[in-house]
Asker: 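Here it is: the structure, laid out below.
Computed from a predicted model, the values in this text were never measured in an experiment. Remember, it's 1-based here, ligands and their atoms both numbered in the order they're listed. Below, all heavy atoms of this structure are taken into account, side chains as well, without hydrogens, waters or symmetry copies.
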Amino acid sequence: MLIRPGGTELYTDYLSLAAQTDMVAAVRSLLNAAPLYTPTMPRTGKSMSVRMTNFGKTGWMSDHKGYRYQVNHPDTGAPWPDIPESILSVWRDLLPDQPLPDACLVNFYDQDAKMGLHQDRDEQDFSVPVLSISLGDTALFRLGGTKRGGKTQSFRLSSGDVMLLRGEDRLAFHGIDRIYPGTSQLLKNGGRINVTLRKAL
Ligand code: SIN
Ligand code: MN
């Protein structure tokens, strides 16, 4: 489904239940090597409600020093594990003409977590789309324009949905207003996992 011509594309039910289950298993199998960390906000130092980890050459993080990509895990100092093939293949299928992603951010939302409106703008080349996969409980996603404070629209992202932010919407403001608990059985303790692929370097 096209949300906006030349911009956001939403592929509802893109992943089968089996593919979703495999992807969750692949993510979980790497959490020992790359444990979830709690990012903090640059200026206030306040903890975000979402826990994160990364796979790939470089990973996104936020702390008192600001937003950035770095090649080592902030707590363990280890390099991030490789992006699982089951995740990379979604990019290959939907974006065959784009360079492969080098960053895979994994966001874990418990039922009370949310994410404020922001732009993805720590990457070097904004011509490469952002690909985002939803797993687990449904989320209320808010999409704005490229200027803060503009009009926004909201839609729900359900387990197995894949969204592309590209073209004019590559730098659109976006965020998660809420999670709808109990809307999916995929994660045994509920909540939502978002997997975002980007080319950062
Ligand atoms: C993000 O913008 O990093 C996450 C968006 C989402 O959870 O769908
Ligand atoms: Mn984002």
Asker: Does Leu171 sit in a hydrophobic cluster with other residues, and if so which ones, taking ILVMFWY side chains as linked at heavy-atom separations under 4.5 Å, directly or through other members?
Answerer: Phe126
Asker: Assess Arg156 against Tyr180: is NZ or CZ under 6.0 Å from the centre of the six-membered ring, and within 45 degrees of the ring's axis?
Answerer: yes
Asker: In plain terms, say whether Glu9 and Arg166 are close enough for a salt bridge, that is, a side-chain N and a carboxylate O under 4.0 Å apart.
Answerer: yes
Asker: Identify whether the distance between the nearest side-chain nitrogen and carboxylate oxygen of Asp177 and Lys114 falls below 4.0 Å.
Answerer: no
Asker: Does a side chain donor of either Arg192 or Ser134 reach within less than 3.5 Å of an acceptor in the other side chain?
Answerer: yes
Asker: Who's the nearest protein heavy-atom neighbour of atom 8 (O) of ligand 1, and how far?
Answerer: Arg192 NH2, 2.9 Å
Asker: Do Asp120 and ligand 1 have an N or O pair less than 3.5 Å apart?
Answerer: no
Asker: For atom 1 (C) of ligand 1, what's the nearest protein heavy atom and its distance?
Answerer: Met115 SD, 3.5 Å
Asker: Could you state the interatomic distance from OG1 (Thr152) to CG (Leu143), rounded to the nearest 0.5 Å?
Answerer: 8.5 Å
Asker: Would His118 and Phe173 count as a close aromatic pair, with their ring centres under 6.0 Å?
Answerer: no
Asker: Go through ligand 1 atom by atom and flag the ones less than 4.0 Å from a non-hydrogen atom of His174.
Answerer: 2 (O)
Asker: Could you tell me whether the side chain of Leu10 reaches within less than 4.5 Å of the side chain of Thr12, counting heavy atoms only?
Answerer: yes
Asker: Tell me: protein heavy atom nearest atom 3 (O) of ligand 1, and distance?
Answerer: Asn107 ND2, 3.2 Å
Asker: Using a 4.0 Å cut-off to any heavy atom of Tyr109, which atoms of ligand 1 qualify?
Answerer: 4 (C), 5 (C), 6 (C), 7 (O)
Asker: Counting only protein atoms, how many N/O/S atoms are less than 2.8 Å away from the Mn ion (ligand 2)?
Answerer: 3
Asker: Rounded to the nearest 0.5 Å, how far apart are CD of Gln20 and CG of Leu186?
Answerer: 5.5 Å
